[in-house]
Amino acid sequence: MFEQIYEVVRRIPPGRVATYGQIARLLGMPRAARTVGWALHTLPEGIDVPWQRVINARGTISFDPDSPGAVIQRALLEEEGVVFDEKGRIDLDVYGWAGLDLAERQQLLERDP
DNA sequence: CGTATGACGAGCC
DNA sequence: AGGCTCGCCATAC
């Protein structure tokens, strides 16, 4: 389960962001946004997943912006060229990820249980 | 096996 | 705009 989530997150191109709900929808579980958040929250360290490119539907970092993790996330995204507005929001119309194309999505969903 | 727990999201006020 | 309530769902215990 988590592997599939990580797999999708790895497809997000640098400089783009996706929402938790969007990841869930791509995996065919449109209501499991919280699960996606949990998967990234409990991400093993050192694993190759660009977790910083996943934010919430409002375009903000989804936890305390002053926490060390959030500061790192914001720094990583800014390095990739993502711009935060004065309220710490990212414009999803500009930086939002279009998502997988049909073929990629199909391939992902057909993977073994 | 029932409850609790969120890096969520939509809706309502 | 900002805050609160509820529904959701895979894990943890």
Side-chain angles (χ1 to χ4, degrees):
Chain A
M1 164 58 52
F2 285 4
E3 265 313 311
Q4 291 205 344
I5 293 176
Y6 301 151
E7 192 58 38
V8 173
V9 175
R10 277 192 273 257
R11 311 284 186 101
I12 307 173
R16 312 297 291 291
V17 295
T19 70
Y20 299 97
Q22 181 182 4
I23 304 294
R25 284 193 299 276
L26 285 172
L27 290 172
M29 20 180 210
R31 312 281 147 63
R34 303 188 76 143
T35 304
V36 174
W38 192 81
L40 294 181
H41 171 64
T42 63
L43 193 63
E45 235 171 293
I47 182 175
D48 172 36
V49 173
W51 56 273
Q52 74 273 20
R53 301 188 191 132
V54 186
I55 59 179
N56 64 27
R58 301 178 326 223
T60 68
I61 290 178
S62 193
F63 48 99
D64 180 10
D66 297 321
S67 68
V71 171
I72 292 173
Q73 178 169 14
R74 175 164 179 156
L76 288 173
L77 288 174
E78 289 179 328
E79 273 177 37
E80 298 179 354
V82 176
V83 174
F84 290 72
D85 70 13
E86 65 284 351
K87 288 174 185 164
R89 283 195 313 262
I90 296 170
D91 188 343
L92 291 176
D93 290 331
V94 176
Y95 301 101
W97 180 41
L100 302 170
D101 66 35
L102 224 51
E104 289 178 304
R105 191 175 324 192
Q106 200 62 32
Q107 179 188 341
L108 199 63
L109 292 177
E110 281 173 1
R111 265 222 248 308
D112 59 324

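Any value given below was found using the heavy atoms of this structure, including those in side chains, with hydrogens, waters and symmetry copies removed.
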Note to self: Give me the atom names and distance for the closest heavy-atom approach of Ala18(A) to Ile12(A).
What the structure shows: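 Shortest heavy-atom separation between Ala18(A) and Ile12(A) comes out as CB-CD1, 3.7 Å.
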Of all heavy-atom pairs linking Trp51(A) and Gly69(A), the shortest is CH2-O, 3.9 Å
Which residues in [range] have at least one heavy atom lying under 4.0 Å from any atom of DNA chain B?
{"range": "residues 28-51 of chain A", "value": "Ala33(A), Arg34(A), Gly37(A), Leu40(A), His41(A), Trp51(A)"}
{"range": "residues 15-25 of chain A", "value": "Thr19(A), Tyr20(A), Gly21(A)"}
{"range": "residues 69-97 of chain A", "value": "Gln73(A)"}

*Taking Gln73(A) for the side chain and Pro68(A) for the main chain, is one N or O donor matched with an acceptor at less than 3.5 Å?*
no
Note to self: Test question: given the 4.5 Å side-chain rule for I, L, V, M, F, W and Y, name all other residues clustered with Val71(A), or answer none.
What the structure shows: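 Joined to Val71(A), directly or through intermediates: none.
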Apart from Phe84(A) itself, its cluster of hydrophobic side chains linked below 4.5 Å comprises Val17(A), Ile55(A), Ile61(A), Phe63(A), Leu77(A), Val82(A), Val83(A), Ile90(A), Leu92(A), Val94(A), Tyr95(A)
In a table with atom names and distances, give each donor-acceptor pair under 3.5 Å that connects a side chain of residues 35-44 of chain A to protein atoms at least two apart or in another chain.
unit_1   : atom_1 : unit_2   : atom_2 : d
Thr42(A) : OG1    : Trp38(A) : O      : 3.0

Across all chains, not counting sequence neighbours, the side-chain hydrogen bond (donor to acceptor under 3.5 Å, both in side chains) partners of Ser67(A) are none
(request) Identify, with sequence neighbours excluded, every residue that meets side chain to side chain contact (heavy atoms under 4.5 Å, CB included) alongside Pro65(A). (result)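 Result, side chain to side chain contact (heavy atoms under 4.5 Å, CB included) vs Pro65(A): none returned.
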Students should find that the nucleotides of DNA chain C closing off the region near chain A, any atom under 4.0 angstrom from a heavy atom, are dG7(C) to dA12(C)
query: Which residues pass the salt bridge (charged side-chain N to carboxylate O under 4.0 Å, His left out) test with Glu3(A), sequence neighbours left out?
result: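 Here the qualifying residues are Arg10(A).
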Salt bridge (charged side-chain N to carboxylate O under 4.0 Å, His left out) pairs touching residues 33-51 of chain A, sequence neighbours excluded, are none
Residues pairing under salt bridge (charged side-chain N to carboxylate O under 4.0 Å, His left out) where one sits in residues 58-80 of chain A, two or more places apart or in two chains, turn out to be Arg53(A)-Glu80(A), Arg74(A)-Glu78(A)
If you count the non-hydrogen atoms of other residues, nucleotides and ligands that lie under 6.0 Å from CD1 in Ile47(A), is the total more than 12? yes
